[in-house]
Amino acid sequence: MDPNRLAIFDQYRSLLFSIAYRMLGSVADAEDMLQETFIRWQQADDEEIRSPRAFLVTIISRLCINHLQSARVQREEYVGQWLPEPIVTDAAGDPLGMVRMDESLSMAFLVLLERLTPVERAVFLLREVFEYEYAEIAAVLGLSEANCRQIFRRSREHVSAMRPRFQVSAEKQSDLLERFLEAVGGADMDGLVALLSKDAVLYADGGGKGIAVPNLVHGADKVARGVLGGMSKFVPKDLVRRIALINGKPGVVAYWNGRPFSVITLEESGSQIRAIYLVTNPEKLSRLPELPAA
């Protein structure tokens, strides 16, 4: 193992992981892409590498595109709804500072990216999130600059059309989460409906192994009934809940017998909740930190 190559790779590890996780929505898959990128980095001839950063970003971007093209078939066979793997983004959950923090890390944003093709996703992320020039993106993906501009314009229009119109402050996010938990804990149907926007959506990913619903639930009344009904029928009474930063936003990790049982995050729009994201697939919760002290 070349110590110089290792040092350079470590320098860009955070950037590479941040790209891969946003592309794939999976910590395990992002780590696999990181490992494969490292292997190819170690095996590359010096003549191939004019810029280490560009070389590494090119490798991991193309690996992620290839993986997504094969993963689409797997997701079509996935039981129920598919959501990205949640990550805790405080100091305890990300001790190495591996994840670049911004709005593009949120569950809502990652769900939007699922609507783009793998190439569209790569172009959009490299330009919008990581601020690459079109010439750099063209070199990374082996496309023309003009093509990259067209792809970015289409993908940005698509994502912008689906984004909330109003940004919500961190304080408002925390306040809505607290009020949501109070309404759910008190089985307050009217209070919960009042917190939800009329077009609220419930996403639930159990992967066939946890609590889930086969299809999206739309509308404030139906979402509230789904949340309260699920809590009364399927959730153990002795859950321990902890507030945590999930994908950069306030959320809740519920533990049962000391192990993660579920994760809930919200998407806010103005003063109401626009979407609820519930992940109970144990495979997607296995990398979360253990139950912290109260």
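Sequential numbering from 1 along the given sequence is applied to the chain's residues. Predicted, not measured: the structure shown is a model, and the values here were computed from it.
- Taken to the nearest 0.5 Å, the CD1 atom of I151 stands 10.5 Å off from the OH atom of Y134.
- For W82 and D205, the side-chain atoms include no donor-acceptor pair closer than 3.5 Å.
- A heavy-atom distance below 4.5 Å is not found between the side chains of L56 and F38.
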Could you walk me through whether R40 and T37 pass the side-chain contact (heavy atoms from CB on, under 4.5 Å) check?
-> CA-CA 5 Å; R40 298 191 184 194; T37 299; 6.0 Å; no
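- Atom CD of Q150 sits in a crowded spot, with more than 12 heavy atoms from other residues, nucleotides or ligands closer than 6.0 Å.
- In this structure, E36 contributes its side chain and M33 its backbone to no donor-acceptor pair below 3.5 Å.
- Note: Y255 and F261 fail the aromatic proximity criterion, with ring centroids not under 6.0 Å apart.
- Put simply, NZ on K249 and OG1 on T89 are 11.5 Å apart, with the number rounded to the nearest 0.5 Å.
- A salt bridge links R121 with E114; the closest basic N to acidic carboxylate O contact falls under 4.0 Å.
- Looking only at distances, a side-chain donor or acceptor of R127 sits under 3.5 Å from a matching main-chain atom of Y132.
- Of all the heavy atoms in A200 and V223, the pair that sits closest is O-CG2, 3.6 Å.
- The distance from the CG atom of L16 to the OG atom of S61 is 8.5 Å, given to the nearest 0.5 Å.
- Transitive grouping of hydrophobic side chains (ILVMFWY, heavy atoms separated by less than 4.5 Å) brings L239 and L181 into a common cluster.
- In this structure, a donor-acceptor pair under 3.5 Å is present between the side chains of N247 and Y21.
- Side-chain contact of R22 with S104: a donor-acceptor pair under 3.5 Å is present, judged by distance alone.
- Residues A44 and I49 share a closest heavy-atom pair of CB-CD1, 4.1 Å.
- When side chains are defined from C-beta on, M189 counts as touching V193, because their heavy atoms get closer than 4.5 Å.
- The only member of K222, R225, Q81 that meets side chain to side chain contact (heavy atoms under 4.5 Å, CB included) when paired with V217 is K222.
- If you chain together hydrophobic residues whose side chains sit under 4.5 Å apart, V57 and I39 never meet in one group.
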Report the C-alpha distance between L125 and V129 in whole Å, list the side-chain angles of each, state the deciding distance to 0.1 Å, and finish with yes or no for side-chain contact (heavy atoms from CB on, under 4.5 Å).
-> CA-CA 5 Å; L125 286 171; V129 178; 3.7 Å; yes
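- Closest approach of L278 to S262, counting heavy atoms only: CD1-CB, 4.0 Å.
- No side-chain donor-acceptor contact under 3.5 Å links E268 to the backbone of K172.
- Atom CD of E48 is surrounded by more than 12 heavy atoms from other residues, nucleotides or ligands within 6.0 Å.
- Judged purely by atom type and a 3.5 angstrom limit, D2 uses its side chain to pair as donor or acceptor with the backbone of N4.
- Closest non-hydrogen pair, A28 versus E85, comes out as N-OE1, 3.8 Å.
- Side-chain contact between L192 and D188: absent, with no pair of heavy atoms (C-beta onward) separated by less than 4.5 Å.
- Listed here is the closest heavy atom pair of A122 and I65: CB-CD1, 3.9 Å.
- Nearest heavy atom pair, residue P289 against residue P260, reads O-CG, 4.1 Å.
- With contacts defined as side-chain heavy-atom distances shorter than 4.5 Å, the pair W256/V240 does not qualify.
- The aromatic rings of F55 and W41 sit tilted relative to each other, their planes meeting at an angle between 30° and 60°.
- Using bins of under 30°, 30° to 60° and over 60° for the plane-to-plane angle, the ring pair Y203/Y277 lands in the parallel bin.
- The neighbour count for R156 CZ, taken as heavy atoms of other residues, nucleotides or ligands under 6.0 Å away, does not exceed 12.
- For the 3.5 Å distance criterion, the side chains of H67 and D29 qualify, holding a donor opposite an acceptor.
- Using a 4.5 Å cut-off on side-chain heavy atoms (C-beta onward), V279 and L285 make contact.
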side-chain contact (heavy atoms from CB on, under 4.5 Å) between V88 and L245, intermediate numbers included | CA-CA 6 Å; V88 174; L245 279 180; 5.6 Å; no
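- Not one N or O on the side chain of E120 forms a donor-acceptor pair closer than 3.5 Å with the backbone of S155.
- When side chains are defined from C-beta on, F9 counts as touching L34, because their heavy atoms get closer than 4.5 Å.
- One finds the OG atom of S197 at 8.5 Å from the CD atom of E267 (value rounded to the nearest 0.5 Å).
- Between R5 and D10, no side-chain nitrogen of the basic residue sits less than 4.0 Å from a carboxylate oxygen of the acidic one, so the salt-bridge criterion is not met.
- Considering only heavy atoms from C-beta on, M23 comes within 4.5 Å of I19 through its side chain.
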Mind running side-chain contact (heavy atoms from CB on, under 4.5 Å) on F124 and H158 for me, showing each step along the way?
-> CA-CA 11 Å; F124 182 79; H158 193 73; over 6 Å; no
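- D175 places no side-chain N or O within donor-acceptor distance of the main-chain N or O of E171, the cut-off being under 3.5 Å.
- The CD1 atom of I137 sits 10.0 Å away from the CG atom of L143 when rounded to the nearest 0.5 Å.
- Between R149 atom CZ and S144 atom OG the span is 10.5 Å, to the nearest 0.5 Å.
- Residues R53 and L15 meet the side-chain proximity criterion, which asks for heavy atoms closer than 4.5 Å.
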